[in-house]
Amino acid sequence: MKHPEFLPMTRQEMTACGYDELDILIITGDCYVDHPSFGAAIIGRLLTDCGYKVGIIAQPDWSNPESLKVMGRPRIGIGVTSGNMDSMVNLYTVGRRKRREDMFSENGIPGKRPPHALVVYSQLAKQAFPGVPVMIGGLEASLRRVAHYDYWQDKIRPSMLLDTKADIMVYGMGERPTPEVFRRFASGESLEGIRGTARLLGKKAAEVFDPKDQYLELPSYEETLKNKDAIMTSTKMVESEMNPFGGKGLIQRYGDRLLVIEPPPLPLEPEELDRVHELPYARKPHPSYKGKIPAYETIITSVQAVRGCPGGCAFCGLVTHQGRCVMSRSAESIEREVEAITRNPRFRGTISDVGGAAGNLFGSHTDRSICAKCKRSSCLFPKPCPNYHCDGLAVRDLLRKLRQNPKIKHVFINSGIRLDLALRQPELLEELIRYHVSGHLKVAPEHLNPKVLKLMRKSSAEEFYKFVEIFEKKSKEFGLEQYLVPLFISNFPGCTGKEMKTVDDYLNKRRWSLQQVQDYIPLPMTMGGAMYYCGKDSDGNPIPVNRGLAERRPQINVLKKRRSGKAKPSK
């Protein structure tokens with residue numbers, strides 16, 4: 001099927017596309033930006049490429065089911081996502097106060113989506129179109145696919161499938177399972193057995209379901225409500241089965257109902273990831289928006305080269321959604337996208353970023369037959385896995401090619417780099433420092449106290465100190481005035497004022513002014529979130545946890561005073 005310039009959002013646009021009706025309606029909590037950095041656009045374009053007539057409704061009026069009917073009843077099904085962020089993170093700060101800006105809304109205006117948007121939109125779709133099957137997906141679905149702790153409500157919530165009443169959930173990035181889900185919606189086939197999905201079975205189906213040895217049973221919802229340690233047990237089990245090459249399915253009981261989570265989907269091969277990124281996106285916001293969309297403004301001249309992260313950091317939800325397996329595009333595909341960016345009227349000669357979770361992950365690879373037997377939560381902690389190969393030469397070669405483009409003056413790595421990997425990539429590190437720092441380079445030591453770093457699953461402070469030494473030495477050799485932008489987290493579970501003093505003392509010594517500060521947010525289905533809720537580390541040992549603002553404020557102030565300009569940056 002021919003792709004329209006934009007997927008339709010109104011009846012008039014449907015007519016212009018030659019659609020008399022939609023096959024699939026996608027509902028999203030973000031503005032519609034037709035760009036491969038936005039999940040709804042990726043899935044919409046992918047389904048269009050499969051031959052479906054797809055329309056998008058962005059940020060509907062969640063109090064009125066009629067707001068979903070502007071393009072009529074979809075013939076096959078509905079896909080729902082709350083957007084590129086979990087809606088609670090999008091709406092509320094760690095202090096549970098409403099945020100002043102929404103990066104994914106026009107002019108950054110907040111309040112365009114409801115709390116727990118996935119639940120609200122799905123129930124709205126069921127009211128608007130009775131009998132039309134609904135699929136939920138996106139980051140919020142991934143982080144909340146099992147019973148989980150919700151920090152903002154300070155309570156245990158069930159899997160999103162229960163509250164949304166959706167027919168099926170897709171977790172992860174969704175390119176593999178989503179077309180199959182809608183194919184089965186159209187044919188009326190059973191939805192069972194689709195990797196990367198979850199279903200809720202009723203009483204009768206639950207009674208006859210045979211897990212055999214293909215599924216592991218998580219603590220039930222009822223047990224999770226009664227026993228705090230059940231969240232830790234569940235989190236560890238989910239982490240151990242995230243491996244797409246050897247992970248098993250999971251089940252969780254809700255009274256007489258049964259949640260069935262199929263094993264993770266296999267990662268995309270480079271040519272498949274290339275296809276996803278080279279679908280005919282307009283690469284700009286829908287023309288109905290007159291103001292700016294902040295999230296789009298940050299990625300106009302950037303390229304996503306890689307997906308996934310091997311780190312498995314305890315505070316991060318990225319692995320829960322994108323997976324630990326690193327997927328890289330081909331260098332040729334990236335070069336084609338960069339060439340397309342140079343044709344943008346707003347391009348001024350600078351590619352602002354070539355990266356993903358980190359700029360130096362591109363080209364990582366493993367022996368998958370070895371990975372199939374792995375139960376590790378991180379490829380890098382506590383020590384790098386010998387099966388994880390990332391010498392940085394693929395990144396170096398890619399950047400060299402991009403620098404040769406006569407239309408390009410600068411290529412920067414603004415997504416930051418993993419410093420633990422960078423120390424193992426000496427050739428790449430030297431070129432990064434010499435050519436690819438926009439004056440400031442982001443690195444994320446996160447903390448400097450060994451006890452807290454271990455809880456975070458982060459590398460040692462000594463590696464950070466070594467990195468700083470190399471960066472400053474090489475910058476001086478090259479005659480460049482450029483600075484590191486270190487990111488630190490306050491109030492991580494297990495961190496008291498004593499541990500935070502390690503960071504404070506170092507910042508005092510360096511007279512370092514921080515550009516960005518972060519107080520810890522316990523995200524659902526992360527190890528850090530489980531530690532926060534249980535007050536224990538992953539081995540079951542009690543750890544101190546700062547919960548209320550009064551307890552958290554001292555550590556917040558350690559970082560905030562550096563942001564206020566009371567300290568000067570270190571060269």
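Computed from heavy atoms alone, side chains included, the values below leave out hydrogens, waters and symmetry copies.
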> Salt bridge or not for K248 and E217, using N-O below 4.0 Å?
Replying inline: no
>> Among residues at least two apart in sequence or on other chains, which ones pass side-chain contact (heavy atoms from CB on, under 4.5 Å) with S330?
In response: D274, E332, S333
> Once you round to the nearest 0.5 Å, how far does CG of D30 lie from CG of N84?
Replying inline: 5.0 Å
Using a 3.5 Å cut-off and no angle test, enumerate the donor-acceptor pairs between side-chain atoms of residues 261-273 and protein atoms at least two apart in sequence or in another chain.
unit_1, atom_1, unit_2, atom_2, d
E262, OE1, Y215, OH, 2.6
E262, OE2, G193, N, 3.3
E262, OE2, R199, NH2, 3.2
E262, OE2, Y215, OH, 3.3
E269, OE2, R368, NH1, 2.9
E272, OE1, R176, NH2, 2.6
E272, OE1, E269, N, 2.8
E272, OE2, R176, NH1, 3.0
E272, OE2, R176, NH2, 3.3

> Does the S82 side chain pair with the main chain of D86, one donor and one acceptor, at a distance under 3.5 Å?
Replying inline: no
> Pick from L118, I78, I136: which one makes a side-chain contact (heavy atoms from CB on, under 4.5 Å) with I27?
Replying inline: I78
> Taking the side chain from N491 and the backbone from D519, do they hold a donor-acceptor pair closer than 3.5 Å?
Replying inline: no
> Once you round to the nearest 0.5 Å, how far does CD1 of I24 lie from CD1 of I43?
Replying inline: 10.0 Å
>> Taking R329 first and then E337, would you say they form a salt bridge - that is, a charged N and a carboxylate O separated by under 4.0 Å?
In response: yes
>> Looking at Y532, I'd like to know if the NZ or CZ of R547 sits under 6.0 Å from its six-membered ring centre while staying within 45 degrees of the ring's axis.
In response: yes
> Does NZ belonging to K126 count more than 12 external heavy atoms closer than 6.0 Å?
Replying inline: yes
>> Tell me whether R184 contacts the main-chain N or O of S190 through its side chain, where contact means a donor paired with an acceptor under 3.5 Å.
In response: yes
>> Can you see whether Y151 has R96 sitting over its ring - NZ or CZ less than 6.0 Å from the centre and within 45° of the normal?
In response: yes
>> I'd like to know if the side chain of D154 pairs up with that of Y149 as donor and acceptor (distance under 3.5 Å, no hydrogens or angles considered).
In response: yes
> Is there a donor-acceptor contact under 3.5 Å linking the side chains of E5 and H286?
Replying inline: no
> From R75 CZ over to L25 CG, what is the distance, rounded to the nearest 0.5 angstrom?
Replying inline: 14.0 Å
> Is any side-chain heavy atom of P158 closer than 4.5 Å to a side-chain heavy atom of D163?
Replying inline: yes
> Tell me, which pairs form a side chain to side chain donor-acceptor pair (under 3.5 Å) where one or both residues lie in residues 224-234, sequence neighbours left out?
Replying inline: D229-K536
> Do the side chain of D150 and the main chain of R157 share a donor and acceptor less than 3.5 angstrom apart?
Replying inline: no
>> As an exercise, state the distance from OG of S87 to CZ of R144, rounded to the nearest 0.5 Å.
In response: 6.5 Å
> Where is the tightest heavy-atom contact between I299 and A295, given as atom of each residue plus distance?
Replying inline: CG1-O, 3.4 Å
> R457 and S377: which non-hydrogen atoms are nearest, and at how many Å?
Replying inline: CZ-OG, 3.3 Å
>> We want to know whether Y254 and Q252 form a side-chain donor-acceptor pair, criterion being a heavy-atom distance below 3.5 angstrom.
In response: yes
> Given side chains that start at C-beta, do those of M14 and L22 come closer than 4.5 Å, heavy atoms only?
Replying inline: yes
> Can you tell if the side chain of H321 reaches within under 4.5 Å of the side chain of E140, non-hydrogen atoms only?
Replying inline: no
> Got a salt bridge between K204 and E207, using NZ or NE/NH1/NH2 to carboxylate O under 4.0 Å?
Replying inline: no
> Taking all non-hydrogen atoms of both residues, which atom of T526 and which atom of C316 are closest, and how far apart?
Replying inline: CG2-O, 3.5 Å
>> Tell me if a side-chain donor or acceptor on S364 pairs with a main-chain N or O of L361 at a distance below 3.5 Å.
In response: yes
> Taking 4.0 angstrom as the limit, do K53 and D23 come out as a salt bridge?
Replying inline: no
>> In this structure, is the centre-to-centre distance between the rings of H35 and Y281 below 6.0 Å?
In response: no
> Counting distance only, does the side-chain N/O of S105 pair as donor-acceptor with the main-chain N or O of G108 below 3.5 Å?
Replying inline: no
> Has K292 got more than 12 heavy atoms of other residues, nucleotides or ligands less than 6.0 Å from its NZ?
Replying inline: no
> Which class fits the ring pair Y520 and F492: parallel under 30°, tilted 30 to 60°, perpendicular over 60°?
Replying inline: perpendicular
> Is it the case that N90 and R113 place a side-chain donor and acceptor less than 3.5 Å from each other?
Replying inline: yes
> Hey, does the side chain of R73 reach the backbone of E21 with a donor-acceptor pair shorter than 3.5 angstrom?
Replying inline: no
> Do the side chains of R283 and P36 get nearer than 4.5 Å, heavy atoms only?
Replying inline: yes
> Which atom names give the shortest non-hydrogen contact between P294 and E101, and what distance separates them?
Replying inline: CG-OE2, 3.8 Å
>> Tell me whether E13 contacts the main-chain N or O of M9 through its side chain, where contact means a donor paired with an acceptor under 3.5 Å.
In response: yes
> Do V89 and W152 pass the side chain to side chain contact (heavy atoms under 4.5 Å, CB included) test, and can you show the C-alpha distance, the side-chain angles, and the key distance before you say yes or no?
Replying inline: CA-CA 9 Å; V89 178; W152 295 270; 3.4 Å; yes
> Going by atom types alone, do Y32 and D34 pair a side-chain donor with an acceptor below 3.5 Å?
Replying inline: yes
> Say you draw a straight line from CE of M85 to CG of L91; how long is it, rounded to the nearest 0.5 Å?
Replying inline: 9.0 Å
>> Within 45 degrees of the ring normal and closer than 6.0 Å to the centroid, is that where the cationic atom of R145 sits relative to Y171?
In response: yes
> CD/E239 to OG/S538 distance, rounded to the nearest 0.5 angstrom?
Replying inline: 8.5 Å
> Minimum heavy-atom separation for L258 to A206, with atom names?
Replying inline: CB-CB, 3.7 Å
>> Pair E180, C50 - check side chain to side chain contact (heavy atoms under 4.5 Å, CB included), show working.
In response: CA-CA 10 Å; E180 178 64 12; C50 292; over 6 Å; no
> E106 side chain to Y289 main-chain N or O, any donor-acceptor pair under 3.5 Å?
Replying inline: no
> Without hydrogens or angle criteria, can the side chains of D353 and S415 be said to hold a donor-acceptor pair below 3.5 Å?
Replying inline: yes
> Is the shortest heavy-atom distance from the side chain of T178 to the side chain of M135 under 4.5 Å?
Replying inline: yes
>> Do I42 and E175 make a side-chain contact, defined as non-hydrogen atoms from C-beta onward lying under 4.5 Å apart?
In response: yes
> Is a donor on one side and an acceptor on the other found under 3.5 Å between the side chain of N344 and the backbone of T301?
Replying inline: no
> When you look at Q12 and M71, which way does the side chain to side chain contact (heavy atoms under 4.5 Å, CB included) test go after all the steps?
Replying inline: CA-CA 9 Å; Q12 292 77 11; M71 291 182 283; over 6 Å; no
> So, do P110 and R99 sit near enough that their side-chain heavy atoms are less than 4.5 Å apart?
Replying inline: no
>> Would you say T28 and T81 are linked by a side-chain donor-acceptor pair, where the criterion is simply a distance under 3.5 Å?
In response: no
> Can a salt bridge be assigned to the pair E189 and R183 using a cut-off of 4.0 Å between side-chain N and carboxylate O?
Replying inline: yes
> Is there a side chain to side chain contact (heavy atoms under 4.5 Å, CB included) between R552 and V94 once you walk through the steps?
Replying inline: CA-CA 10 Å; R552 299 171 73 101; V94 66; 3.1 Å; yes
> Quick one: does T235's side chain get under 4.5 Å of M531's, heavy atoms only?
Replying inline: no
